[in-house]
Structures are given as structure tokens and as C-alpha cells.
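Presented below is the structure to which this report refers.
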Amino acid sequence: MDKSFKTYLKHTAKDFHNQSVNPPVVRASTIIFKSMSDIRRTQKKYKKDPRGGFFDYGRQGTSTTHILQKILTKLEESYHVFLTPTGFGSIFLAIFSIVRPGEEIIVADPVYKPTRVLTEDYLKEFNIKTFFYDPKNLETLKKLITKKTKLIFVENPGSNTFEFQDLSKILSIAKKNNIFTAIDNTWATPYFFKPIKLGFDMSIVSATKYYSGHSDVMGGSLAVNKKVFKHVEKTQNVTGLRLGPDDAYLITRGLRTLDVRLDKHQENAKKVAGFLSKNKKVKLLYPYLKNSQNYKMWKKYYSGASGLMGLKIKTKNKNSVIKFVNSLKLFGYGYSWGGFESLALHQSASERGNRAYLDLDKNERMVRLHIGLEDPNDLIKDLKNSLKFVK
Ligand SMILES: *Cc1c(COP(=O)(O)O)cnc(C)c1O
């Protein structure tokens, strides 16, 4: 029977087992075989089909991680999905699978801050040069391409500033110049947008966020097409980036309700955005206002929007913005997002890094909100009470 993905998420364990509803957590380093020839047979099978779930040692994973890979490969509509202990591990794996000393990489200016540190600073030590392009002007991307350019690394929307880019245009520039492409798709997850289907070679999701959904586990996924599979497989083998089975189990458990939660995050975020869009002091960074370029680019590629949004607040009084954030009762102050709960964060200048194309005048402050699964009317009341402090 042809099942919809929503049904598949609820029934996957049945595809693998006929006893418990949920798959067992298989913890292993050593795997015991019947004989030496049995070991060799398994190794041959693995060599022939590295995606088939054949293991001769725990570093390759266990049946628990294999189930998670199967689910995510289906969700991504990709050739394969690699798992890493954190989302950032997947970013590291994507870049180090492709780029070599003497080559260059072009990165979206509003990329996640640790990705910026990795590309801008750390890659230098390997004689790899990084250049940043303006997400709102892809001519800047074209101009940076040289014979040495190996990879274009996109994050969409931009971290904290939420620019939505013309992704097909980026892909066509890359294809024309024979350059690999990667995208950080943590904001939307493949539930709302499938990068590999559109033509990206690699797509990263921090499983720490919406996949797990409960702020209690970390993990990362790197979906790939057939073209880059071998490169990534080789690099993962030598870097030893392995997701543990207990974390894989929790992420699989979170995925059961990914659709239900993301639909609700979207519904709540839209209600909150509706309220915030009426406030004159606030410029909303969320695909909500229909005539904006960001909305058009979101609509072109995405089937939905998640719960993370930014606010630009215009005021000369920075402390009043901090007071606004500090007065929120239902929003926790903390990093990460994608859990069931609402969060707020005032952004300092250093948290933004050396952005070259940041659209922010000196009287504007940035606040990031994650809209959780609480009653949205309570969240709106909380925001209304606290926004009073903005002078
Ligand atoms: C959180 C995050 C990451 C890193 O994920 P971790 O699981 O925290 O390592 C990468 N990209 C984006 C956009 C993120 O928000």
C-alpha cells in the first residue's frame, strides 16, 4: 500500500519488527559472527551496498541508527542520510568531504555563527579560502567564483536575519561552474522543503532542533545525492563521527510527531506574527508580509514555515529591549530552539560575527523568538505586556 509520509512516520517500526511498537535500542561496539567466513561475507555485503545496514563494528552504527537513517532518507527523498553526534558535526562532515587544501568555498553571509568560525577562521589553517556572498544579491556570489571554487554553502533562511534566497538560481550558477552545493535546512526541515529534490548535493539538519523536538538530545543529519555519497562515506569513516543508539532512539521517537508539532509551531507562529506585525516598533523577520521579497522566495520553495522568527526593534535605548526580553514570563532565555517550548534571545553584536552584508542600522536591535506549542493567546499576552518596556 502506498502510505503518505505522515502515516509512515507512525508505522515505521512495523516495517522492521513484529513485536514491540518501537524498535529496540541496540548498543554495540563488538558484533559477534558465527565464523570468520561469516565476518568476510558481511564485509563483502557492506562493500557492495554500504547503505544496506550491514555492520561489522559498532562505529558503523547499529540497527537503531539504521532505522533512523531509513526514515530520514525517505523524508529527505535523498540517496542516503549520514548521522552525526550534533548538527554541527554534519556541517563539518559536509565541508571536509568535499573541500581540499588550495581550494575555495563560498558561503552565505548570514550563516550560523559556528559555521562562520569554521569556514572563515579554521579552514585557513588548511589553506582553504572562504568568501561570503550577499543572500539578497546573487551577483555577489557569481563574482566570487574562480577555478578553485569547490563548494557553495547556503543556509536558508539566513541565521537570525531570515533572508530567503533564490535557491534555484544558486543551483544553476553552481551547476554551470561545476561546483558542489550544500544547504543548512534546519529551520524548515525536509517536512517543509526538500533540498536534495531541488538539486542540492548535500543537506544538513540539526536533529537537536525539530527532529528530536524535546530539547533533550543532540544529533545531526547529512542527506546526500548519489554524486557525493562516496566522498561523504569515506570522510565519515575516517572522522569517526557516530551517533549513539540512545540518541538515535530519542530522535526517532521525536520524529513520530514531527508533522503534528511543525504544523502547530507554524499555526502558533502565524498568530504571534499577526500580532507583532501590528506593532510599529517591530520589524518582523518571518515570511508573513505578502508583498516582501522574502515572502516571495519562501513561497516559491517552501510548503510551510517553522516557529523561529526574528524581530528588529528600532530604538536608541538598548536597555529597554533587554528589559522587554527579561520581562517575558513564558519564553525561556537560552540557546538552541525547535523544542516544544518558547524561547527568546537578545542578540549581541559579537554573536553576529563579522557580517559583511548585515542590514541593520545603529538604532536597531535584534531579538530572536522561538514560538513553542503553548496556547498562542498566552504567548501574545506575554509579548504584549513585555513590549510595553520598549522605549
Ligand atoms: C543549532 C543549529 C546548528 C547546529 O546544531 P547542533 O545540533 O547544535 O550542533 C546548525 N545550523 C543551524 C541553523 C542551527 O540552528
Side-chain angles (χ1 to χ4, degrees), residues 65 68 72 76 81-96 107-120 122 132 135 153-165 167 182-193 195 200 202-223 236 239 241-244 246-248 250-252 254-255 258 262 265 269 285-287 298 302 305-310 332 334-339 341-345 347 351-353 355 366-372:
T65 40
L68 176 56
L72 292 179
E76 293 270 9
V81 166
F82 293 91
L83 300 173
T84 52
T86 65
F88 195 58
S90 283
I91 293 171
F92 182 93
L93 180 60
I95 292 173
F96 277 80
V107 178
D109 188 51
V111 84
Y112 177 62
K113 175 79 186 296
T115 307
R116 184 155 196 128
V117 174
L118 168 65
T119 51
E120 191 171 38
Y122 193 69
F132 295 92
F153 191 101
V154 181
E155 183 175 327
N156 211 51
S159 243
N160 298 312
T161 38
F162 300 90
E163 299 89 343
F164 283 86
Q165 306 168 53
L167 301 173
I183 183 169
D184 185 332
N185 189 36
T186 300
W187 182 84
T189 83
Y191 181 62
F192 286 140
F193 167 56
F200 278 91
M202 298 181 280
S203 177
I204 294 131
V205 175
S206 165
T208 310
K209 313 288 167 55
Y210 289 118
Y211 283 179
S212 88
H214 294 75
S215 307
D216 56 359
V217 59
M218 297 190 82
S221 78
L222 173 59
Q236 191 179 35
T239 50
L241 289 167
R242 166 198 189 258
L243 182 72
D246 292 275
D247 291 342
L250 285 173
I251 293 164
T252 300
L255 282 171
L258 179 73
L262 272 173
H265 280 291
L285 307 174
Y286 191 71
W298 167 74
Y302 292 71
S306 70
L308 193 74
M309 61 176 68
Y335 291 99
S336 199
W337 46 277
E341 79 287 16
S342 289
L343 295 168
L345 209 55
Q347 268 248 306
E351 278 164 335
R352 271 177 237 131
R355 294 261 319 250
M366 294 216 292
V367 172
R368 192 179 78 182
L369 296 179
H370 179 245
I371 307 304

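Order of listing sets the numbers, starting from 1, for every ligand and every atom in it.
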Check your understanding: Are Ser159 and Arg116 linked by a side-chain donor-acceptor pair shorter than 3.5 Å?
Key -> no
Practice item. May I ask you to check whether Glu341 and Ser215 show a side-chain donor-acceptor distance below 3.5 Å? Key: yes
Exercise for review: Taking the side chain as every heavy atom from C-beta outward, state whether Trp187 and Phe164 have any pair of such atoms under 4.5 Å apart.
Suggested key: yes
Review point. Does the side chain of Pro85 reach to within under 4.5 Å of the side chain of Asp247, using non-hydrogen atoms?
Key: no
Exercise for review: Kindly say whether the aromatic ring centers of Phe192 and Tyr302 come within a distance under 6.0 Å.
Suggested key: no
Check your understanding: ligand 1: which residues have a non-hydrogen atom closer than 4.0 Å?
Key -> Thr86, Gly87, Phe88, Ile91, Tyr112, Glu155, Asp184, Thr186, Ser206, Thr208, Lys209, Met218, Gly219, Trp337
Review point. Is a donor on one side and an acceptor on the other found under 3.5 Å between the side chain of Thr161 and the backbone of Glu163?
Key: no
